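For reference, the structure discussed in these notes is given below.
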Amino acid sequence: MHSLEDLRAEAERAIKQAGSLKALRDAEVAYLGRSGKLTQILKTLKDLPEDKRRTMGAEANETRKLLELLAAERTASLKREEYEQKLKLERIDITRPGKRYHKGGLHPLTIIRRDIERIFGSMGFAVAEGPEVETEFYNFDALNIPADHPARDMWDTFWIKNPKRDPKAQRLLLRTHTSPVQVRYIQKHAPPFRIIAPGRVFRYEATDASHEIQFYQLEGLMVGRDISLANFKQVMQTFLGKLFGKEMKVRLRPSYFPFVEPGAEVDMSCVQCGGHGCSVCKHTGWVEIAGAGMVHPKVFQSAGLNPKDWQGFAFGFGIDRVAMMKYKIPDIRMFYQNDIRFLRQF
Ligand code: PHE
């Protein structure tokens with residue numbers, strides 16, 4: 001049987017040396033628990049003579065209190081240690097360089113198309129769409145370009161073969177321009193209106209730095225009682241000014257498109273040199289940007305509108321070309337090669 005003294009020393013050691021909360025709990029049970037060593041001693045007290053029992057009893061109680069206090073302190077410090085250990089393990093080194101993660105981005109043509117839609121939107125233009133596979137009627141005939149008309153040569157066309165076609169049915173093609181959307185829109189909507197129609201078009205041509213077999217165009221159409229080319233010039237000037245973020249000049253040169261009369265080629269001041277003359281504008285200060293004109297009476301007629309009641313302007317330009325000028329891209333084919341080194345720059 002231990003003396004109380006020895007027991008206390010032993011218990012103190014066990015408590016102090018407990019390296020974990022679990023070990024401490026075990027020590028507590030071993031000495032202070034219901035069948036622990038100290039409890040055992042207390043149980044033997046009743047067999048001692050009166051005076052001894054009293055002093056031993058007092059001592060034993062004191063020992064118990066002391067050991068309980070020690071255990072409580074040890075618990076607290078173990079908990080602190082454990083917490084600090086946890087903090088150390090979970091520590092985040094905020095000075096380390098961050099992880100770069102690669103997110104997808106918008107294609108430059110999407111970015112610019114959205115810019116363009118937003119700008120025209122701010123001028124009250126709605127966005128319209130038409131199919132990429134078009135009928136001969138909408139792409140040509142309705143636009144005053146009949147089957148045997150030499151103007152058809154202006155657009156090198158991808159015709160869609162269909163040997164089983166009903167001879168009365170329309171021949172299909174990949175639209176060569178977005179102008180058919182004009183006809184489709186006029187058929188379904190009552191003027192006055194103003195729309196833009198962005199979309200993909202196709203040309204059966206050899207490719208080079210400024211030609212692709214597919215590219216994007218943006219058609220514009222504004223119809224009312226007295227819409228004029230002066231309105232068009234103002235709209236174009238405002239649009240280009242907002243897109244390029246500086247004042248832009250616009251000039252119209254007489255030109256021919258079967259679906260407008262009069263027709264014009266639209267030039268804007270060269271973005272590169274600001275109109276002073278450089279290699280981009282071939283030292284003229286002007287860059288050709290769009291085709292435009294007053295909607296031809298025959299177009300209104302084929303879309304079911306009386307040209308005596310309504311008039312308006314139409315225009316069309318290449319979105320790719322505008323993007324090339326805005327971002328200074330030297331080759332239109334870059335848009336379609338999906339080279340990540342190119343795409344990442346936007
Ligand atoms: N559709 C013509 C083209 O692709 C451009 C244009 C549109 C010209 C509207 C005049 C009016 O060349």
Side-chain angles (χ1 to χ4, degrees), residues 113 116 120 125 127-132 134-146 149-158 173-186 193-205 210-224 227-236 239-240 250-268 287-303 305 307 310-322 324 332:
R113 196 202 61 209
I116 295 171
F120 276 106
F125 283 75
V127 177
E129 279 185 335
E132 290 173 1
E134 204 30 296
T135 63
E136 183 174 11
F137 172 75
Y138 283 111
N139 197 82
F140 289 127
D141 300 81
L143 291 167
N144 193 27
I145 317 165
H149 196 283
R152 282 220 178 172
D153 297 344
M154 288 169 78
W155 298 274
D156 302 290
T157 309
F158 284 108
L173 48 80
L174 297 182
R175 66 177 175 191
T176 60
H177 50 183
T178 42
S179 297
V181 186
Q182 288 184 38
V183 182
R184 287 180 176 277
Y185 195 88
I186 298 171
F193 49 67
R194 49 185 105 170
I195 55 149
I196 52 168
R200 190 153 50 153
V201 301
F202 306 84
R203 302 268 169 99
Y204 184 38
E205 286 180 336
S210 43
H211 295 87
E212 250 296 2
I213 57 165
Q214 53 153 27
F215 56 98
Y216 286 82
Q217 274 194 342
L218 188 112
E219 195 78 10
L221 175 68
M222 183 166 181
V223 176
I227 302 299
S228 72
L229 275 185
N231 296 136
F232 166 68
K233 198 178 172 189
Q234 180 58 45
V235 164
M236 203 62 189
F239 159 65
L240 291 171
V250 166
R251 75 175 184 186
L252 306 184
R253 279 179 291 112
S255 185
Y256 174 71
F257 298 96
F259 33 91
V260 286
E261 181 58 37
E265 212 73 74
V266 185
D267 294 344
M268 64 174 196
V287 178
E288 191 184 309
I289 171 85
M294 294 300 287
V295 178
H296 198 289
K298 286 208 172 150
V299 174
F300 279 134
Q301 265 161 4
S302 46
L305 206 65
W310 302 98
Q311 62 181 45
F313 64 74
F315 63 91
F317 61 76
I319 295 180
D320 307 59
R321 282 194 129 206
V322 172
M324 286 167 79
I332 189 173

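We use all heavy atoms of the structure for the numbers below, so side chains are in, but hydrogens, waters and symmetry mates are not. From a predicted model like this one, the values you see are computed outputs, not experimental measurements. Whatever order the structure lists ligands and atoms in, that order sets their numbers, starting from 1.
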Residues Phe120, Phe317; criterion ring-ring contact (aromatic ring centres under 6.0 Å, His included); working and verdict: CA-CA 14 Å; Phe120 276 106; Phe317 61 76; 7.0 Å; no
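Ligand-side atoms of ligand 1 in range of Gln217: 3 (C), 4 (O), range being under 4.0 angstrom from any heavy atom. Close approach to Trp155 involves these atoms of ligand 1, each under 4.0 Å from a residue heavy atom: 3 (C), 4 (O), 12 (O). Residue-ligand proximity, Gly316 to ligand 1, at heavy-atom distances under 4.0 Å covers atoms 6 (C), 7 (C), 9 (C). Below 4.0 Å from some heavy atom of Ser179 lie the following atoms of ligand 1, by number and element: 1 (N), 7 (C). For ligand 1, the atoms lying closer than 4.0 Å to a non-hydrogen atom of Ala314 are 9 (C), 11 (C).
Ranking protein heavy atoms by distance to atom 2 (C) of ligand 1, first place goes to Phe259 CZ, 3.7 Å. Of all protein heavy atoms, the one closest to atom 8 (C) of ligand 1 is Gly291 C, 3.5 Å.
By the criterion of a heavy-atom distance under 4.0 Å, the backbone of Phe315, and not its side chain, is placed next to ligand 1. With a heavy-atom cut-off of 4.0 Å, Ala292 touches ligand 1 through its backbone alone. The part of Arg203 lying near ligand 1 is the side chain, judged by heavy-atom distances below 4.0 Å. Residue contacts with ligand 1 for Met154 are absent, since no atom lies close enough (heavy atoms, distance under 4.0 Å).
Looking only at atom types and distance, the side chain of Asn139 has a donor-acceptor partner in the side chain of Thr176 under 3.5 Å away.
Of the charged side-chain nitrogens involved, none lies within less than 4.0 Å of a carboxylate oxygen, so that Lys298 and Glu261 do not count as a salt-bridged pair. Taking the charged nitrogens against the carboxylate oxygens, Arg152 and Asp141 do have a contact shorter than 4.0 Å, which makes a salt bridge.
In this structure a side-chain-to-backbone donor-acceptor pair under 3.5 Å is present from Asn144 to Pro258.
Heavy atoms of other residues, nucleotides or ligands lying less than 6.0 angstrom from CZ of Phe137 number more than 12. No more than 12 heavy atoms of other residues, nucleotides or ligands lie within 6.0 Å of CZ in Arg321, so this atom counts as exposed by the packing criterion.
A cation-pi contact links Arg184 to Tyr138, judged by a cut-off of 6.0 Å to the six-membered ring centre and 45° from its axis.
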